[in-house]
Structure formats: structure tokens, C-alpha cells
Amino acid sequence: MKIVKGMSNARALTTILTIVFTVVFMIIMFTKTIIDRNKLKNNPEYTYGIIVKKYPKGYKTRPSLKCQFIVNGELCYGRMDYMPHREHINIGDTCVVMYEKGHPDNYRILVDENKHLIINSRYIENLK
């Protein structure tokens, strides 16, 4: 008796296991993203970052920025997509970075309601 009509049992089992592992992997990644987002929201710290590199649009990718920021004396890097046709950003510009206290690898480079990079020296003071 065949598991799936028209397929050998080994091929059908391989297909089913591949689908199961893919679904489980997607659920784990989705859950991790939600947990990280909640940790960042509940335990935020703020600092300034400096734009150090701009990456051009690539095949199936948007243009992006790389920024560096310092947390507890450790140099950290962050990356985000941006829209160069909507905002003019230069290397050396300052941005605001929100990161999870004690875990700077969980970060977000902040943007305003129009999705523009926030470059304002008084922004952090307004958040406290």
C-alpha cells in the first residue's frame, strides 16, 4: 500500500518529513522574532549610531545602511533598509539606535512615522 498515490513510500515519506521540518522551522523563527521584539519593547536602551556604509540596491534586495554604535565599550553594528529616493543620508550621519539592555544584538535603528531615519540629537532625551 502506498502512502501517497503515484509515489513510492520512501519518496512520499521524504516529502512529508521535509514539509513538517519546514513548517516547524518557520514556527520557531516566527516565535523567536516575536519574543525578541517583546524583549526589546519591554527593556529598551537608547544610543547614537554612526552611518559607516551604504549598500546599493542588489538583485531582489533594497538599498541598506550599516551603522556602528557602542554599548558598554563594545563596538556593535546594525543594518537597515532605506529608501534613497525619499531621504538623503550620508556616511557619518548620526542615527538613533534602540537595543535590548544587555543584548545589543537585539536592536532597531529608529525611524519616524514616515519611515525616515531619525537624525536628531535631542531624540533620546525626549524618550526618557
Quick one: does Val24's side chain get under 4.5 Å of Met26's, heavy atoms only?
no
Under 4.5 Å between side-chain heavy atoms, hopping through other hydrophobics if needed: is there a path connecting Ile28 to Val20?
yes
Identified side chain to side chain contact (heavy atoms under 4.5 Å, CB included) counterpart of Tyr99 within the set Asn106, Asn43, Thr47:
Thr47
Take Ile19 and Thr15 through the side-chain contact (heavy atoms from CB on, under 4.5 Å) test and state the conclusion after the steps.
CA-CA 6 Å; Ile19 292 169; Thr15 302; 4.1 Å; yes
From CA spacing to verdict: side-chain contact (heavy atoms from CB on, under 4.5 Å), Cys67, Val52
CA-CA 5 Å; Cys67 82; Val52 294; 5.7 Å; no
Would Arg62 count as a cation-pi partner of Tyr55, with NZ or CZ less than 6.0 Å from the six-membered ring centre and within 45° of the ring normal?
no
Separation between CZ (Arg11) and CD1 (Ile16), nearest 0.5 Å, reads 12.0 Å
Say you draw a straight line from NE2 of His103 to CD of Glu45; how long is it, rounded to the nearest 0.5 Å?
12.0 Å
Please tell me if the side chains of Asp105 and Cys76 come closer than 4.5 Å, counting only heavy atoms from C-beta onward.
no
Return the CD to NZ distance between Glu100 and Lys41, rounded to the nearest 0.5 Å.
14.0 Å
Would Ile50 and Ile109 show up in the same hydrophobic cluster when neighbours are defined by side-chain heavy atoms closer than 4.5 Å?
no
List the steps, then state whether side-chain contact (heavy atoms from CB on, under 4.5 Å) holds for Ile89 with Leu65.
CA-CA 9 Å; Ile89 297 171; Leu65 302 170; 3.7 Å; yes
Polar side-chain atom of Asp112 near backbone of Asn114 as donor-acceptor pair, under 3.5 Å
yes
Near Lys53 NZ, under 6.0 Å, is it more than 12 heavy atoms from other residues, nucleotides or ligands?
no
Do the non-hydrogen side-chain atoms of Phe69 and Glu74 ever get within less than 4.5 Å of each other?
no
Would you mind reporting whether Met80 and Leu117 have side-chain heavy atoms less than 4.5 Å apart?
yes
Should we count CG of Asn72 as having more than 12 external heavy atoms under 6.0 Å?
no
Which of Thr33, Ile35, Leu40 passes side chain to side chain contact (heavy atoms under 4.5 Å, CB included) with Arg37? It is Thr33
Close side-chain approach of Arg108 to Val97, heavy-atom, < 4.5 Å:
no
Walk me through whether Ile118 and Cys95 qualify under side-chain contact (heavy atoms from CB on, under 4.5 Å).
CA-CA 6 Å; Ile118 295 174; Cys95 59; over 6 Å; no
Is the NZ or CZ atom of Lys66 positioned over Tyr77's six-membered ring, under 6.0 angstrom from the centre and within 45° of the axis?
yes
Quick one, Glu87 and Tyr82 - any side-chain contact, counting heavy atoms below 4.5 Å?
yes
